[in-house]
Amino acid sequence: MTEQPLEVLIVEDEVLLATELEFLVEEAGCRAIGHAMSSDEAYDLATTFKPDLALVDVHLRDGPTGVEVARRIAENCSGVALFMTANIKRLPADFAGACGVIGKPYSEHGMKMALSYLRVCLRNGRAPGRPPAGLELAPVFAKRWGAFDYPLVV
Amino acid sequence: MGRDGTKHDMTDLTKSSGIDDPRVDLEAVVAERTQALTEALAQKTALLHEVDHRVKNNLQLISSLLLLQNRRAGDPAVKASLRGVLERINAIATVHRRLFQSEDVERFDVSAFVRDLISDMAGLSARDDIQIRLDLERVDVAAAKAAPLALVVSELLSNALCHAFPEGRAGEIFVGITRLGGDFRIEIADDGVGLETSARKLGFGLTIVQLLCQQLKARCETTAALPGTRVVVQLPVNGAHS
């Protein structure tokens, strides 16, 4: 494949989780361009490097500020955010402009599948199928990418 | 008890108020008590969600630690051991991921988490030559049984994936869940090399299956499927097998 790898920013205050996630991102054929632990750091890195995708934990070093990070990325940067949280129900209904959420604890395979899937969505503007297990898309993005135009495989 | 911890004595209350209609005071007491209970319930729910949040995050931390250590390990035997532990932690994590996502926190849809588990395990095995066929009926179990059950399914599926199809032999693994009277039945069958020819022995994985079936009061039977192996786990929905 000659296409540019997806550039990914990791916004996560648990360093061990973030370190492992960097490996997973690279293994999924993406490029990890940085790691932020607080909302300020996240916003600085997002505006400087303009990542295609930001993986955003809801709870950061400065509190439950991940939602605001996602909203600011959606409003001011060209990329999209994807939440990673143990508390999916507490996300706002509009996902704060993020493209979706992956529930914690996510699996190694689940995260890689989600990254490959989002790479196609972001590059082609169209989903390659229904979202993989573990990935929930925001309604706006599911519609934009036609994620549910595909039949349900049981 | 009132919010301040004092006990409301109805007789005292009506006597001391000295009014014509004691119902007015009673209504006030009921309203106060209702508010106190509502607040207590809200607090309890918030705490429960906080604990759930921590369990999920800690499971994520444990699997990240194991994955990191696995990257550093050079010895294939050490790597295989770490993979085994990771697989088991992942089975438990699969259950917890779905916990609290549904409205009912007491009951648990077995088919939903088995589908997640299979997707993960088949994906990680990277064996495109093994087809997975599913026939999953929706069956609910008590939430407390979900983690042991996930471990049993994980071990059996792992056995089939690792041992039934050696040296690139292609084939199919079938996973079925059905209701059967008062029981439900989980079947994991492969059309691989069969018990006698495969390298399967009574390893730690099968010990886990035996122990957990005891705990779940389940029956586990392994038979030759000709070709291959069929394992059937039969679990009472309520109570024990006679």
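Side-chain atoms are counted along with the backbone in the values below, which use heavy atoms only and exclude waters and symmetry mates. Below, read A as the first sequence line, B as the second, and so on, with proteins coming before strands; counting in each chain starts at 1.
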* **Interface residue of largest heavy-atom contact number with chain A, from B/L86, B/L61, B/D116, under 4.5 Å** => B/L61

* Side chain from CB out, backbone as N, CA, C, O: work out which of these in A/L24 comes under 4.5 Å of a heavy atom of chain B, or both, or neither. => both

* **Proximity breakdown for A/L16 and chain B, heavy-atom pairs closer than 4.5 Å** => both

Is [X] salt-bridged to [Y], cutoff N-O under 4.0 Å?
X      : Y      : result
B/R88  : B/E155 : yes
A/E20  : B/R71  : yes
B/D140 : B/R138 : yes

* Decide whether a cation-pi geometry holds between A/R72 and A/Y43; the criteria are a distance under 6.0 Å from NZ or CZ to the six-membered ring centre and an angle within 45° of the ring axis. => yes

Distance-only check: which donor-acceptor pairs under 3.5 Å involve side-chain atoms of residues 135-149 of chain A, not counting sequence neighbours?
unit_1 : atom_1 : unit_2 : atom_2 : d
A/D149 : OD2    : A/R126 : NH2    : 3.2

Interface moiety of [X] toward chain A, non-hydrogen atoms closer than 4.5 Å:
X      : value
B/N90  : side chain
B/R54  : neither
B/L124 : both

* Is the centre of the A/F83 ring less than 6.0 Å from the centre of the A/F95 ring? -> no

* Structure fact -> Ranked by heavy-atom pairs below 4.5 Å to chain B, first place among A/E108, A/H59, A/E14 goes to A/E108

* Most heavy-atom pairs under 4.5 angstrom with chain B, which of A/S107, A/P105, A/G134? -> A/P105

